[in-house]
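Convention: sequence-line order gives letters A, B, ...; per-chain numbering from 1. The figures here come from the full heavy-atom set of this structure, side chains too, leaving out hydrogens, waters and symmetry mates.
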Protein chains: 2
Amino acid sequence: MSAFDSFLIGKVNTLKITNKKGKQFRVPDATIRRLPLYLDKLILLQQAGVREVSSRQLAMSLDIKASQLRHDFHYFGGFSKPGRPYDVDQLVPALEEIIGVDNPVPFIVVGAGHLGQALCNYANFERQGFPLQGIFDNDPDLIGTKIRGIKIEPIENIASVIKKKNIRLAAITVPSLVAQEIAIKLVDAGIRGIWNYTPVDLRLPEDIIVRNERLATGLMCLSFKTKRLEHPELISDD
Amino acid sequence: MSAFDSFLIGKVNTLKITNKKGKQFRVPDATIRRLPLYLDKLILLQQAGVREVSSRQLAMSLDIKASQLRHDFHYFGGFSKPGRPYDVDQLVPALEEIIGVDNPVPFIVVGAGHLGQALCNYANFERQGFPLQGIFDNDPDLIGTKIRGIKIEPIENIASVIKKKNIRLAAITVPSLVAQEIAIKLVDAGIRGIWNYTPVDLRLPEDIIVRNERLATGLMCLSFKTKRLEHPELISDD
DNA sequence: ATAATCTTGTATATTAATTAACAGGTCTGG
DNA sequence: CCAGACCTGTTAATTAATATACAAGATTAT
């Protein structure tokens, strides 16, 4: 099975990159999407004490073809000595740099409802290089309470926190009605990437990256496929 | 911007479908991925009282090309009278049937940690046709407590609930160590689709649909793109 | 030393997905 | 009644993504 999200929808910010050999490539979106999965798996291997991994092994564990993995890596160049498998301890930081998590990337969560709280409680973000630096909501009952040691602040504080801590990424889990308004506020304060959990199509300047996340999409995809496996009359495989 | 996840990784269960005109198509995975987004948007339009929508309007609101939307719909056939835009009240149930949510699709959540609780608390699943029918965990402190009126039950009860309520879909948010074991248990009890929030590559029979979800992936994609927009020397656009 | 078996990088071929183009149908205003 | 502006469904063209193939280096065993 394979991937799915808002990342599929909308204009693709095609990125060109110059690799270490000075050759220019347009990195396909499909490749960009796989980079975090490679990194994720490599970190697991690293933690397990694995020092070397071949494209074949790594690809197999991700259910993709080894050639595709090599093809993906090829855009960035030179991850291994010729004829030798990849060195995990070398590949991890290389991928971290490419993905942009070589230094911690702080982010904030705006909207501390159930979904917002869940995001805040998800400890793995920190481990994966994304320390949570602020939680904001306008509900007086929530303001002042803490999640994972971080105090929920009123939304009016957002701009000053963003500027003070130099934050670029924000997740928004606010009610639809205020989503656009808050997104603008975030962008004005310096946010460059928005992780949008609301069902609103945010209209923002072109250089702001928006990633729309829709939880139910996952269930719908599962539903589509399981339904057809259970009702073979809907499918025809020749 | 566009989509991104585990949906991209692994073998694609290519589905063929016979449309209303008796013509057979192989529905591309990319199309399947967009169907829930179409439905989602159409329901919003329906709630807003919109009766008709053209491919151009609908596509624009999703930031895709109208021709792509028509191309996607084309696999399933006849959604509109010739020359006329789509009838929202007609299209919604048609898409619901295609996606398999024309009848409610019950699901369960296994693992009631922070992430599991967040999923359970996300009210929109029910509204979108996925009523939550059970929450399971082995933590004695959690068993018996309620989330949205649903009591957390011990994992040993899973099989009987699945069978009694005829459940096909399950989300798992359990610790990695027990993920494979629990997945097997679910499949044995009748689960056909697994929404996997653990970082484990589940090894299951071929006819079981697995959708791997990785939260941090979203932040990584944002990070990759914002980093390159902020450091133009990494990009070269000609 | 050399054959067998690993490995990666990369060019080529194949397949999939997206976009464009357009034949007809509908509707509105004049 | 006809022109212009919509509309969809469908095929064709284009572009993107994936898979194959293989040259060349490394390693191991004999």
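- In the helix from C:dA1-D:dT30 to C:dG30-D:dC1, the end axes, each obtained as the rotation axis mapping the C1' atoms of four pairs onto the next four within a five-pair block, lie 10° apart to the nearest 10 degrees.
- Ion pairing between a basic and an acidic side chain is recognised when a charged N comes within 4.0 Å of a carboxylate O; B:K227 and A:D102 show such pairing.
- A:F73 has its CZ atom 9 Å from the P atom of C:dG9, to the nearest Å.
- Nearest to the side-chain atoms of A:A30 among the listed nucleotides D:dT18, D:dA21, C:dA17 stands D:dT18.
- Side-chain N/O atoms of A:S80 include none lying less than 4.0 angstrom from OP1 or OP2 on C:dT8.
- At D:dC7, one or more side-chain N or O atoms of B:R56 fall inside 4.0 Å of OP1 or OP2 (strictly under the cut-off).
- Under a 4.0 Å N-O distance rule, the pair B:D29/B:R34 does not qualify as a salt bridge.
- Here A:S55 lies in heavy-atom contact (under 4.0 Å) with sugar-phosphate atoms only.
- The separation between A:F76 atom CZ and C:dT10 atom P is 14 Å, rounded to whole Å.
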Do any side-chain atoms of residues 175-185 of chain A form donor-acceptor pairs under 3.5 angstrom with protein atoms, and if so which ones, sequence neighbours left out?
from: A:Q180; atom 1: OE1; to: A:R203; atom 2: N; distance (Å): 3.0
from: A:Q180; atom 1: NE2; to: A:R203; atom 2: O; distance (Å): 3.0

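- In this structure, B:H71 and B:H74 have perpendicular ring planes: the angle between them is above 60°, well past the 30° mark.
- Side-chain contact between B:L215 and A:N124 is absent, with no heavy atoms from C-beta onward closer than 4.5 Å.
- With distances taken from any side-chain atom of B:K65 to the nucleotides C:dA20, C:dT8, D:dC7, the minimum falls on C:dA20.
- The phosphate of D:dA17 has neither OP1 nor OP2 within less than 4.0 Å of any side-chain N or O from A:Y75.
- Of the candidate nucleotides D:dA21, D:dT10, D:dC7, D:dT10 has the atom nearest to the side chain of B:R70.
- One can place NE2 of A:H71 at 14 Å from P of C:dA13, the figure rounded to the nearest angstrom.
- When rounded to the nearest whole Å, the span between CD of A:Q57 and C1' of C:dT7 equals 11 Å.
- Protein atom CG of B:D63 is 14 Å distant from nucleotide atom P of C:dT18, rounded to whole Å.
- Applying the 4.0 Å criterion to OP1 and OP2 of C:dC6, one finds that A:S54 has every side-chain N and O outside that range.
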Return the polar atom pairs (N/O with N/O) between nucleotides 25-30 of chain C and the protein under 3.5 Å, or none.
from: C:dG25; atom 1: N2; to: B:G83; atom 2: O; distance (Å): 3.1

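- Taking 4.0 Å as the cut-off between side-chain N and carboxylate O, A:D87 and A:K81 do not count as a salt-bridged pair.
- With a 4.5 Å cut-off on side-chain heavy atoms, B:I194 and B:L202 count as touching.
- If you take NE2 of A:H74 and P of C:dT12, they are 12 Å apart, rounded to a whole angstrom.
- Backbone-only engagement by A:Y86 is indicated by non-hydrogen atom pairs under 4.0 Å involving sugar-phosphate atoms exclusively.
- Listed by chain and residue number, B:F107, B:Y122, B:W195 satisfy the ring-ring contact (aromatic ring centres under 6.0 Å, His included) test with B:F125 (two or more places apart in sequence, or in another chain).
- Judged as a side chain to side chain contact (heavy atoms under 4.5 Å, CB included), and not counting sequence neighbours, the contacts of B:S54 are B:R56, B:Q57, B:P85.
- Side-chain N/O atoms of A:R34 include one lying less than 4.0 angstrom from OP1 or OP2 on D:dT18.
- Rounded to whole Å, the distance from CD1 on B:I64 to P on D:dT15 is 20 Å.
- The stretch residues 43-53 of chain B participates, sequence neighbours left out, in these side chain to side chain donor-acceptor pair (under 3.5 Å) pairs: B:Q46-B:D89, B:R51-B:D89, B:E52-B:R84.
- Here D:dT10 presents its P atom at 14 Å from CG of B:D72, a figure rounded to the nearest Å.
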